[in-house]
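Inspection log for the structure reproduced underneath, given as structure tokens.
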Amino acid sequence: MNMKQWVAEQIAAPVKKSVPVLSFPTTQLLGITVQQLINDSDLQAKGMKAVADRCPTAASVSMMDLSVEAEAFGSEIRVSDDEVPTVVGAILEEPEDAEKLAVPPVGAGRTGLYIEAIGKAVKLITDRPVFAGVIGPYSLAGRLMGMTEIMINCYEEPEMVHTTMEKATQFIIAYIKGFKVAGAHGVVMAEPATGLLSPDLAAEVSMPYVKRIIDEVQDSGFAVIYHNCGNSTTRMLDEIAGLGAMGYHFGNAVEMKAVVEGMPGDVLVMGNVDPAGQFRNGTPESVKAETRKVMEACCGHGNFVISSGCDIPPASSWDNIDAFFQAVDEFYAG
């Protein structure tokens, strides 16, 4: 599949299909727990197929599980039956820890299983592109070091941060290439922690590494969608646009209209219905109202595609999810 052409087709289409980050609520469709889902490639592929069958999306998006890569590096993770897995504690405390940190082989932890799942999903879903999910390098480094600690270390131990970023970047490039070999049409790279930085700091410690990853893996047959749900993203739109991804995905901490107005017109810009406030804790009526509000503000821009602001939580009501798709249909029906 020519992904540059796919992007151009999405931008040109007067009526667009949505691309929500919709994966974890498959637990409800399959009658399983999050723990079962994250440990079984067959269930992940079946879940993606179940969503593709039920939901008129422009692309199939895998899980935004930001614990996978940190676990491969040796982090401890906490898993529950109905919540997204999280990283517990930090494994890098001193500069020497970063120096000694080994870059794991692709396949370590659950990374092999996630690549397998995408390989199975692309055989089941043949009518739209299939995107794998990966973490961004700064967000991975933050999980290895601790989110507060990495912010402090950016100023006090910058060498430690860059050493960790270098190793995170090497691993992510290799991991994405594994997805590519498995048949993925692209990746959604989640870099939420960068949205907590000032634009200057982001330009120093995050953007060069992200750009390196994109330059290394993206080509006409493989797209990178950069996701950043931080609240300072509107102040770093020039730097974000300079990354060269085919698409960008933004969270609900920012005004979507300001974002789409500040981005180039030849890349996809997606977002940003609140996943927790609406999909998880809203009602079908409130989800519809919020979806319509975002679309009314942004759909005047041909490159805007409505989406959730981030990964939709596992326990979100399918009535709310269905209401999102109804709102999209109703908007375009006039």
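These numbers come from a predicted model, not from an experiment.
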Do [X] and [Y] make a side-chain contact, defined as non-hydrogen atoms from C-beta onward lying under 4.5 Å apart?
| X | Y | result |
| --- | --- | --- |
| M3 | M1 | yes |
| L268 | I11 | yes |
| F325 | V287 | no |
| M189 | I135 | no |
| L92 | L101 | yes |
| M270 | I306 | no |
| Y114 | I38 | yes |
| K120 | S41 | yes |

Hydrophobic clustering (ILVMFWY, side-chain heavy atoms < 4.5 Å, transitive) - are [Y] and [X] grouped together?
| X | Y | result |
| --- | --- | --- |
| Y332 | F304 | yes |
| W318 | I312 | yes |
| Y155 | M151 | yes |

Where is the tightest heavy-atom contact between [X] and [Y], given as atom of each residue plus distance?
| X | Y | answer |
| --- | --- | --- |
| F73 | P104 | CE2-CD, 3.3 Å |
| V87 | L66 | CG2-O, 4.3 Å |
| A98 | T164 | CB-OG1, 3.5 Å |
| I125 | S60 | CD1-OG, 3.5 Å |
| P199 | E239 | CB-OE2, 4.4 Å |
| A184 | I118 | CB-CG2, 3.7 Å |

Derivation and outcome, side chain to side chain contact (heavy atoms under 4.5 Å, CB included), residues F179 and V134
CA-CA 10 Å; F179 282 123; V134 296; 3.6 Å; yes
Under the ring pair (Phe, Tyr, Trp, His ring centres under 6.0 Å) rule, what pairs show up with a residue in residues 225-274, not counting sequence neighbours?
H227-H249
Salt bridge (charged side-chain N to carboxylate O under 4.0 Å, His left out) for R292 and E330? Distances and angles first, verdict last.
CA-CA 9 Å; R292 187 166 192 96; E330 286 166 12; 5.5 Å; no
If only atom types and distance count, is the side chain of [X] paired as donor or acceptor with the main-chain N or O of [Y] below 3.5 Å?
| X | Y | answer |
| --- | --- | --- |
| T33 | Q36 | yes |
| E191 | Y138 | yes |
| S18 | P20 | no |
| N303 | P264 | yes |
| S139 | A193 | yes |
| S307 | V19 | yes |
| K16 | G302 | yes |
| D40 | L37 | no |
| N153 | P158 | no |
| D82 | A315 | no |

Under 3.5 Å side-chain donor-acceptor pair for [X] and [Y]:
| X | Y | value |
| --- | --- | --- |
| Q170 | E166 | yes |
| S75 | R143 | no |
| S317 | R280 | no |
| S198 | D200 | no |
| Q278 | S286 | yes |

Would R212 and E216 satisfy salt bridge (charged side-chain N to carboxylate O under 4.0 Å, His left out), going step by step from the backbone distance to the final call?
CA-CA 6 Å; R212 204 168 106 204; E216 183 83 21; over 6 Å; no
Partner set under side chain to side chain donor-acceptor pair (under 3.5 Å) for N281, not counting sequence neighbours:
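For N281, no residue satisfies side chain to side chain donor-acceptor pair (under 3.5 Å) once neighbours in sequence are set aside.
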Could you go step by step and tell me if F279 and F324 meet the ring pair (Phe, Tyr, Trp, His ring centres under 6.0 Å) rule?
CA-CA 8 Å; F279 286 99; F324 167 80; 5.4 Å; yes
Check the pair T26, M48 against side chain to side chain contact (heavy atoms under 4.5 Å, CB included), reporting the backbone distance first and the verdict last.
CA-CA 7 Å; T26 59; M48 290 176 73; over 6 Å; no
Within 6.0 angstrom of E159 CD, more than 12 heavy atoms from elsewhere
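No.
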Roughly how far, to the nearest 0.5 Å, is the [atom2] atom of [Y] from the [atom1] atom of [X]?
| X | Y | atom1 | atom2 | value |
| --- | --- | --- | --- | --- |
| W6 | R128 | CH2 | CZ | 11.0 Å |
| H301 | M256 | NE2 | CE | 10.0 Å |
| L237 | N228 | CG | CG | 9.5 Å |
| E83 | Q35 | CD | CD | 13.0 Å |
| S206 | M236 | OG | CE | 8.0 Å |
| E285 | E290 | CD | CD | 14.0 Å |

So Y175 and F171, would you call those rings parallel, tilted or perpendicular, with 30° and 60° as cut-offs?
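Parallel: the ring planes of Y175 and F171 meet at under 30°.
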Please report the C-alpha distance between M207 and I240 in whole Å, then the side-chain angles of each, then the deciding distance to 0.1 Å, and finally whether the side chain to side chain contact (heavy atoms under 4.5 Å, CB included) criterion is met.
CA-CA 8 Å; M207 302 297 182; I240 289 172; 3.8 Å; yes
Qualifying residues under ring-ring contact (aromatic ring centres under 6.0 Å, His included), relative to H185, sequence neighbours excluded:
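Scan of H185 (ring-ring contact (aromatic ring centres under 6.0 Å, His included), adjacent residues dropped) gives none.
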Evaluate side chain to side chain contact (heavy atoms under 4.5 Å, CB included) for S23 paired with S62, printing each intermediate quantity in order.
CA-CA 6 Å; S23 57; S62 181; 5.8 Å; no
Check the pair R54 / D322 against salt bridge (charged side-chain N to carboxylate O under 4.0 Å, His left out), numbers first and verdict last.
CA-CA 9 Å; R54 178 174 178 139; D322 291 337; 2.5 Å; yes
What do the steps show when you test D42 against K46 for salt bridge (charged side-chain N to carboxylate O under 4.0 Å, His left out), and what is the final call?
CA-CA 6 Å; D42 282 329; K46 278 181 192 162; 5.9 Å; no
Check this for me, if you would: do K4 and D219 make a salt bridge, where the nitrogen-to-carboxylate-oxygen distance has to be below 4.0 angstrom?
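Salt bridge absent between K4 and D219.
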